[in-house]
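Below is one structure, written out as structure tokens; the observations come after it.
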There are 2 protein chains.
Amino acid sequence: MTILRSPRLADGTARGIPDATVARLPVYLRALNALTEQGVGSCSSIELAEKAGVNPAKLRKDLSYLGSYGTRGVGYDVEYLRYQIAREMGQTQDWEVVIVGIGNLGSALSAYQGFSTRGIRVAALVDADPQRVGSTVSGLTVSSLDDLDAIVADRSISIGVIATPGDAAQQVADRLVAAGVTSILNFAPALVQVPDGVDVRKVDLSVELQILAYHEQRKTGTDSKEPKVSNA
Amino acid sequence: MTILRSPRLADGTARGIPDATVARLPVYLRALNALTEQGVGSCSSIELAEKAGVNPAKLRKDLSYLGSYGTRGVGYDVEYLRYQIAREMGQTQDWEVVIVGIGNLGSALSAYQGFSTRGIRVAALVDADPQRVGSTVSGLTVSSLDDLDAIVADRSISIGVIATPGDAAQQVADRLVAAGVTSILNFAPALVQVPDGVDVRKVDLSVELQILAYHEQRKTGTDSKEPKVSNA
DNA sequence: AAGAGTTTGTGAACGCGTTAACAAAATCGA
DNA sequence: TCGATTTTGTTAACGCGTTCACAAACTCTT
């Protein structure tokens with residue numbers, strides 16, 4: 001489970017963007033796309049920050065890691081900034097991903113519209129269940145898990161998505177890594193161990209709801225001495 | 001968008017658990033459940049931390065916010081600790097949620113097995129599309145968005161899930177809040193604004209993949225001067 | 001009963017991320 | 001041209017979270 005620390009600046013260009021910033025850049029990108037669609041040509045950090053739901057100072061600091069793409073006294077050129085962020089995020093190319101586990105969630109992911117416009121393309125679907133293999137989901141034929149190596153190699157896929165039950169996750173991760181995948185998005189409710197050099201991100205649906213339930217409990221709970229929290 | 005700061009300790013009991021800790025408690029819970037199933041009666045912080053994928057010191061500090069439920073020189077009683085965390089997380093009751101937007105993702109969520117064992121129950125499905133209203137998904141009849149108020153009131157639902165396209169998200173959030181929902185899990189690729197007192201968590205599928213793509217780009221990119229990163 | 005060995009709970013140091021505050025740099029108007 | 005205004009880029013302070021390190025507390029063996 002590599003963490004990929006990088007904020008130390010290298011020799012020449014100011015490389016190495018903090019993880020927290022990297023996680024927000026796609027949000028800025030989405031806001032800039034929306035502005036482009038509205039025909040807005042330029043904007044200030046305050047406007048953009050509002051649309052992205054962050055503090056303006058944070059936005060400016062984030063952008064400063066990429067370079068100086070704004071103009072003092074004026075703001076940012078929407079199209080120029082959008083391109084710079086997209087380039088930094090690697091969106092000048094399309095990243096092909098393979099989804100493993102074509103149950104309800106895997107099917108939903110393969111049909112998800114939001115990927116295509118963001119440099120992500122679902123290139124292959126894989127399942128271990130023979131009954132599912134050969135069927136068509138979202139225009140793609142589901143392949144057997146046994147063919148994973150060939151599929152990853154043929155299309156030089158480097159990103160895999162695990163959408164299997166929890167007890168299959170580790171096994172699937174092992175096969176993805178063996179096939180050459182070096183980044184994994186794990187939706188299964190289980191930890192997966194991977195060798196150094198492989199990135200794993202985890203999205204856990206029930207954990208998110210449990211966190212909400214915790215806060216909910218505290219709201220309806222004992223103390224209402226803090227009526228509604230002044231947030232001005 | 002309330003942030004719910006609470007780490008300041010109140011009067012009597014040590015209330016107020018840091019957000020980062022709250023986010024990890026469900027993970028510990030899952031690990032403890034696995035241990036119970038394996039018939040393990042007690043464990044050390046090192047063992048549990050390993051199963052949860054965190055640093056042992058972090059685990060102990062997290063648990064210390066709840067109280068002193070371990071025994072020095074011995075470890076933690078699995079069942080006892082599991083109960084204490086579950087109680088703190090509000091899992092002694094079932095939290096009913098309504099899912100809005102029964103497309104691919106909404107259907108997948110309503111069929112998700114992992115919720116039931118974690119104090120979450122999908123109690124109602126709602127969609128704006130008349131063609132979907134009345135159909136049965138995962139054993140539940142899809143209701144009209146117009147009936148949201150009655151549904152939320154009848155079952156005293158306090159948690160809503162938005163699984164609509166991005167451009168419908170704000171409108172749905174408004175209606176959820178108006179109906180009385182005070183916690184929202186938003187899967188739509190859009191920011192939603194809510195009044196104080198309402199919690200929103202956001203899960204963005206394409207953002208997760210874009211973050212992976214960024215790291216992937218840097219791996220295959222320029223510098224291979226850091227061959228595989230010693231992680232010992 | 002006492003010492004050796006374990007393991008928790010926590011105080012303290014450290015590091016990252018956020019935010020405020022301001023100087024630098026651009027535009028605009030007179 | 002020069003001052004007023006706007007807005008970026010950046011430095012510095014602050015706060016939260018993580019991790020180390022160790023004392024306190026428990027068990028076990030002799």
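Below, read A as the first sequence line, B as the second, and so on, with proteins coming before strands; counting in each chain starts at 1.
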Per the atom types in the model, does the base of D:dT8 pair as donor or acceptor with the side chain of A:R72 at under 3.5 Å? yes
Nearest heavy-atom approach of B:A86 to B:L29 is N-CD1, 3.9 Å
Closest non-hydrogen atom pair between B:L48 and B:C43, with its separation: CB-SG, 4.0 Å
Short side-chain donor-acceptor distance under 3.5 Å, B:R60 and B:S45: yes
Picking from D:dG17, C:dT18, D:dT7, the nucleotide nearest the side-chain atoms of B:D19 would be D:dG17
CG of A:L59 versus P of D:dT10: gap in Å, rounded? 14 Å
If you assign each of B:S45 and A:K61 to its closest nucleotide in DNA chain C, which residue comes earlier from the 5' end? B:S45
Side chain of A:Y76, heavy atoms from C-beta onward: which of D:dT19, D:dT8, C:dG9 has the nearest atom to it? D:dT8
Rounded to whole Å, the NZ-C1' distance (B:K58 to C:dC16) equals 13 Å
Can you confirm whether B:K202 is buried at NZ, in the sense that more than 12 heavy atoms of other residues, nucleotides or ligands lie under 6.0 Å from that atom? yes
Without decimals, in angstroms, what is the distance between B:Y65 OH and C:dG9 P? 13 Å
Rounded to whole Å, how long is the line connecting atom CG of A:L25 with atom P of C:dG17? 13 Å
Ignoring hydrogens and geometry beyond distance, is a side-chain donor-acceptor pair present between B:D174 and B:Q170 at under 3.5 Å? yes
Base of C:dG9 paired with side chain of B:R60 (donor-acceptor, under 3.5 Å): yes
Tell me the interatomic distance from B:N55, atom CG, to C:dG15, atom P, rounded to whole angstroms. 16 Å
Without decimals, in angstroms, what is the distance between A:L66 CG and D:dT8 C1'? 14 Å
Report which part of the nucleic acid B:A20 touches: base, sugar-phosphate, or nothing (heavy-atom distance under 4.0 Å, all strands). sugar-phosphate
What is the distance, to the nearest angstrom, from the CD1 atom on A:I46 to the P atom on D:dG9? 13 Å
Whole angstrom is fine here: how far is it from CG in B:D62 over to P in D:dG17? 10 Å
